[in-house]
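What follows is a short report on a single structure.
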Amino acid sequence: MNAFFMSSLIAIFLGLLLSLLVFLKDRNKPINIVYSLFLFSLMLWIFGDIFYMTPLIHTFTPLFWYKVSHIGATLTPVFYFEFILYFTKTNVPNWLRKINLAICLLFLVSNITSTLFFKTITYTMGSYYLKLELGPLYDLFIGYILLMTIVGFIFAIRTMKKSSGQLKEQMKYFVAGTVFIILAATAFFLALTYNSSIRLDNLLVIIYAAIIAYSFTKKRLMDINIVVTRSMAISGTI
């Protein structure tokens, strides 16, 4: 089991745990629902991404698993953007949100039904290495998802500067976590573009999840408070 596979499993576990926790905290609040869906989509992205290096590769092709992963990938930015709007209380024109949703659906359908995302994907057994031929739409998708994360980061920075007290403290941790999400997306696309077997993106997702989990326990981020004993905290760290 290599480091990438191990970090992927940990990232999926932490992400799904946080997603469930946020949803169960208040399943009637839009912000909780949207954030849970964002985390779930992000974990689906990671889930599909890791399976090209498992024995299941003999049952399903690398192209199949990458299409699965990019169902999550294409849904992640729209849920993230909606969450940012709720969390920072930012008002944008309704037509802009509809355009964002339409772009997301375009990428989603194209990924599932065409070769505009991936033309071919081949796997070298035992090397954990993929050789990809990317479709013309994928470059646009890279720009789109990076744009959404950067816009979210700008909104968060603006809210942090305007806030004070407990909210300002919460926003510091949220902004710090967002930095690692941007780095994770960048690391993923660089590895994909250059067919690199060196993968750091899911390790960066773990750092993001750890920051968010800490902000729940200590800063009541999103009005969520997790009470853990010292022994549980030590065990989780290990």
Side-chain angles (χ1 to χ4, degrees), residues 11 15 18-19 22 30-49 66-112 116-118 134-161 170-171 173-193 200-202 204-209 211-212 215 221-222:
L18 290 176
S19 175
V22 171
I31 187 173
N32 289 50
I33 296 171
V34 173
Y35 189 67
S36 297
L37 290 172
F38 156 65
L39 284 177
F40 182 81
S41 299
L42 184 60
M43 294 313 109
L44 179 60
W45 186 354
I46 296 173
F47 175 81
D49 187 39
Y66 257 52
K67 281 183 177 290
V68 170
S69 76
H70 278 68
I71 293 173
T74 53
L75 291 174
T76 295
V78 71
F79 287 133
Y80 176 75
F81 184 68
E82 286 297 314
F83 165 70
I84 286 291
L85 295 182
Y86 279 113
F87 186 63
T88 61
K89 296 180 174 59
T90 301
N91 293 318
V92 297
N94 199 42
W95 60 264
L96 184 60
R97 300 171 82 162
K98 290 180 179 178
I99 289 177
N100 190 34
L101 178 60
I103 293 173
C104 166
L105 293 176
L106 171 65
F107 286 136
L108 178 64
V109 172
S110 298
N111 167 56
I112 296 173
L116 293 174
F117 257 56
F118 303 108
L134 300 176
L137 201 59
Y138 204 85
D139 288 337
L140 293 177
F141 175 68
I142 291 175
Y144 167 67
I145 198 167
L146 289 175
L147 176 63
M148 287 297 99
T149 52
I150 291 171
V151 167
F153 181 73
I154 292 172
F155 284 171
I157 286 286
R158 188 178 65 179
T159 302
M160 184 181 71
K161 288 182 177 180
Q170 292 174 347
M171 290 304 303
Y173 286 93
F174 181 78
V175 167
T178 304
V179 169
F180 285 97
I181 284 292
I182 294 174
L183 291 175
T186 304
F188 173 82
F189 292 128
L190 287 175
L192 206 64
T193 301
L200 299 174
D201 42 306
N202 292 338
L204 293 167
V205 171
I206 291 175
I207 298 173
Y208 165 77
I211 292 172
I212 295 300
S215 66
L221 182 68
M222 292 174 58

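Values reported hereafter were calculated over all heavy atoms of this structure, with side chains retained and with hydrogens, waters and symmetry mates removed. Residues take their numbers from the sequence shown, with the count starting at 1.
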Under the 3.5 angstrom rule, does the side chain of [X] hit a backbone N or O of [Y] as a donor-acceptor pair?
{"X": "Thr149", "Y": "Ile145", "value": "yes"}
{"X": "Thr76", "Y": "Gly72", "value": "yes"}
{"X": "Thr74", "Y": "Phe107", "value": "no"}
{"X": "Ser19", "Y": "Ser36", "value": "yes"}
{"X": "Asp201", "Y": "Ala187", "value": "no"}

Roughly how far, to the nearest 0.5 Å, is [atom2] of [Y] from [atom1] of [X]?
{"X": "Ile84", "Y": "Thr159", "atom1": "CD1", "atom2": "OG1", "value": "8.0 Å"}
{"X": "Ile103", "Y": "Leu147", "atom1": "CD1", "atom2": "CG", "value": "9.0 Å"}
{"X": "Thr178", "Y": "Met171", "atom1": "OG1", "atom2": "CE", "value": "7.5 Å"}
{"X": "Leu37", "Y": "Leu42", "atom1": "CG", "atom2": "CG", "value": "12.5 Å"}
{"X": "Phe40", "Y": "Leu18", "atom1": "CZ", "atom2": "CG", "value": "14.5 Å"}
{"X": "Leu96", "Y": "Leu85", "atom1": "CG", "atom2": "CG", "value": "8.5 Å"}

Less than 6.0 angstrom separating the ring centers of Phe83 and Tyr80, yes or no?
no

Should [X] and [Y] count as side-chain neighbours, where that means a heavy-atom distance under 4.5 Å?
{"X": "Val68", "Y": "Trp45", "answer": "no"}
{"X": "Leu75", "Y": "Ile71", "answer": "yes"}
{"X": "Arg158", "Y": "Phe155", "answer": "yes"}

Parallel, tilted or perpendicular, judged at 30° and 60°: which one describes the rings of His70 and Tyr138?
tilted

Can you say whether the rings of Phe141 and Phe117 are parallel (under 30°), tilted (30 to 60°) or perpendicular (over 60°)?
tilted

Would you find more than 12 non-hydrogen atoms of other residues, nucleotides or ligands less than 6.0 Å from Phe188 atom CZ?
yes

Give me the one residue out of Leu137, Val109, Leu140 that meets side-chain contact (heavy atoms from CB on, under 4.5 Å) with Leu116.
Leu137

Verdict with reasoning, Ile211 to Phe180, per side chain to side chain contact (heavy atoms under 4.5 Å, CB included)
CA-CA 10 Å; Ile211 292 172; Phe180 285 97; 3.7 Å; yes

Does one side chain, of Asn100 or Tyr144, offer a donor that lies under 3.5 Å from an acceptor on the other?
yes

